[in-house]
Structures are given as structure tokens and as C-alpha cells.
Amino acid sequence: MKNNAVIDRYCVMGNPVQHSKSPWIHARFALLTAQPLAYEQRLVPLHGFAASLHEFMASSGAKGCNVTVPFKFEAFALAQHVSARAALAGAANTLSFRPDGIHADNTDGAGLVRDIEVNAGVKLAGRRLLLLGAGGAAAGVLGPLLRSGVAQITVANRTLAKAQQLVHQHAALATRDTLVASTLAEVQGRYDVVINATSTSLSGESLALPSALLQHGALAYDMMYGPAAQGFLAWARALGAEPRDGAGMLVEQAAEAFFIWRGVRPPSAQVLAELRAL
Ligand code: ATR
């Protein structure tokens, strides 16, 4: 790099954001792929996302950012160009600043699918899948899950109307019987893969789910990681399911964002192993 060259800069914007692992993950990706870049975290005031985004964009070297709770919907709305998967989710976690404006993408679903299929080794084609929750986290992953060739997805949510809305939004990707909405209390069937996309773990509440939902040896996936994932995973483990937390999804959604920005695929499996060893 020339002495006067400005280094490309990225960041993660959120609130809260202080415990984000994204700066560490992207620093490892940059080092392992020899990409010269800087990545920082930015705590954004709850009503100040647009101003913070434009301030960062105007700063020297800024090329893009990741966006986390609660700004993914606003990030999507502020973009001039949106990818198909961001449009389906109605939310964005990856923004790229280009000469023709802000490009929005959503890498959460691709990250989840890759973690399940590549890192956990569970192929989704032909599987029956239960997605718990119908908020932002569920909306971000439903499109890529449907595109993975699953046989059926039930979206179960405490508030039925929100599950129905999410199913309606994705109707073009599924036939009537392959994508259905349910309440948590009335969910039926047995599933090969159960994904917890509710925020119950954060509030310390637990989901009252029938044990018959899990096929023996089913994959039970919590999109959270660390202590927040443990309640759901302990429930699933006690029923003979294979538990998996969201650390792999976190690394894989970051890898997909890194690829969008830099055109280079980082060694995500290595960085996931390093993250787990920390
Ligand atoms: P996120 O962006 O994390 O998805 P969100 O959009 O607020 O956050 O959505 C939270 C999800 O967790 C919703 O599906 C919510 O169910 P409701 O739509 O009925 O509110 C679910 N959730 C939160 N607390 C819950 C609880 N105690 N029991 C069951 N579901 C819960």
C-alpha cells in the first residue's frame, strides 16, 4: 500500500453492539486473506441510524457496513439498490457503498444454511423443518431456507398473525402445503430440523413445546450463541436431538458479507473453530 493510500473501512452498527464479535471475525478474515482493511464497531443511538450511517459513509475510506439489531429494517429502507434476498426479508444486514448509491443485502439466511449444511453436515433437501418465531430474525432466514430444497417448513409463532404474514410474504417460493403457519401451542408434526428464531432466551422465558415435535436425532438450532442459546438447546438435548448454537451462522453471515465487499471467500470454518476455542 502506498503511504498516502486510504485504507478501506467497514463497521458494524447496532445498539447494543459492544459485545459484537464481528470486528474480531472480520479482522481474522482480513488477515487470513491478506486484504488490507479496517473494521470497527459503532454504537448508534436508537433514533439516529440514518444520521450515523451518513456520517460513516462520508468518512474517508468507508466502503460498507454490517447492520444489527434493531436497525436492519431501517438499513433496508435507506438503500437505493436491494438484493432479492434482502427484499424477501424486508431487512438488510450488509450495506455496500458504491458510486451509484447504497446496495443492501441480507446474508443471515445464507449464513444459516451454510452452517447447517457445510459445518454441521446436515443436508436440508427433503427435510421437514420447524421455524420458531416470526420476527426479524425469522424473516431474515426463511427465503434461503425455502430455496435449500426442504420438503416442508412450518413457521410457528406465539402470535399467529405474524407467522401468517411471513408465510404470505414468501408464498411465491413455496406451494400451499410446503409452507404453513401455526401458533406455538398448536404446532403439529415431527421435524428433522427445528430452528429457534424467537427472542425468548434473551428475556429468560422458555418455550413450552411438545416433545413429540422432534424426530429422533433431529438437529435443534438456536440462532443465538453463548448463554442465550442454552435453555432451548438443553431442552432439545434432553429429548435426544443434536444441539447447535448460532456461532457458525454468525461467522458464515460475516463470510458472505466479506465476499460481497472483497470478492474473496475467507476460511470461515477455521475462524469458527478459533471463535469456539476463545
Ligand atoms: P428478532 O428481531 O430477534 O426476531 P422480534 O422481531 O421482536 O425480534 O421478534 C421476536 C420473536 O420472538 C417473535 O416471534 C416473538 O413472538 P411474537 O411475534 O408473538 O411477539 C417471539 N417471542 C418473544 N418472546 C416470546 C415468548 N416469551 N414466547 C414465545 N415467543 C416469544
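Just so you know, ligand 1 is whichever comes first in the structure, and atom 1 is the first atom listed for that ligand. By convention here, the first residue in the shown sequence is residue 1. Quantities reported herein were computed from a predicted structural model and do not represent experimental measurements.
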Asks: Determine whether a donor-acceptor pair (N or O, by modelled atom type, separation under 3.5 Å) exists between the side chain of Asn66 and the backbone of Asn93.
Replies: yes
Asks: Using a strict cut-off of 4.0 Å, indicate which atoms of ligand 1 neighbour a heavy atom of Gly136.
Replies: 1 (P), 2 (O), 4 (O), 6 (O)
Asks: Can you tell which part of Lys162 has a heavy atom less than 4.0 Å from ligand 1: side chain, backbone, both or neither?
Replies: side chain
Asks: Anything under 30° is parallel, anything over 60° is perpendicular, the rest tilted; go ahead and classify Phe258 against Phe29.
Replies: perpendicular
Asks: Looking at Gly133, which atoms of ligand 1 are within less than 4.0 Å of one of its heavy atoms?
Replies: 14 (O)
Asks: Which ligand 1 atoms does Ala137 reach within 4.0 Å, using its non-hydrogen atoms?
Replies: 1 (P), 2 (O), 4 (O)
Asks: Would you call the rings of His26 and Trp261 parallel, tilted or perpendicular, where under 30° means parallel and over 60° means perpendicular?
Replies: tilted
Asks: Is there a polar contact between ligand 1 and Asn157, counting only N or O atoms under 3.5 Å apart?
Replies: yes
Asks: Could you note down all residue pairs passing side chain to side chain donor-acceptor pair (under 3.5 Å) where residues 126-144 supplies at least one of them, sequence neighbours left out?
Replies: Arg128-Gln152
Asks: So which bit of Ala134 gets within less than 4.0 Å of ligand 1, heavy atoms only: side chain, backbone, both or neither?
Replies: backbone
Asks: Who's closest to atom 19 (O) of ligand 1 heavy-atom-wise, of Leu184, Leu160, Thr159, Val155?
Replies: Thr159
Asks: Hey, which of Leu129, Leu166, Leu132 is the one that makes side chain to side chain contact (heavy atoms under 4.5 Å, CB included) with Val155?
Replies: Leu166
Asks: Partners of Lys63 by salt bridge (charged side-chain N to carboxylate O under 4.0 Å, His left out), sequence neighbours excluded?
Replies: Asp8
Asks: Among Thr183, Thr200, Asn196, whose heavy atom sits nearest atom 28 (N) of ligand 1?
Replies: Thr200
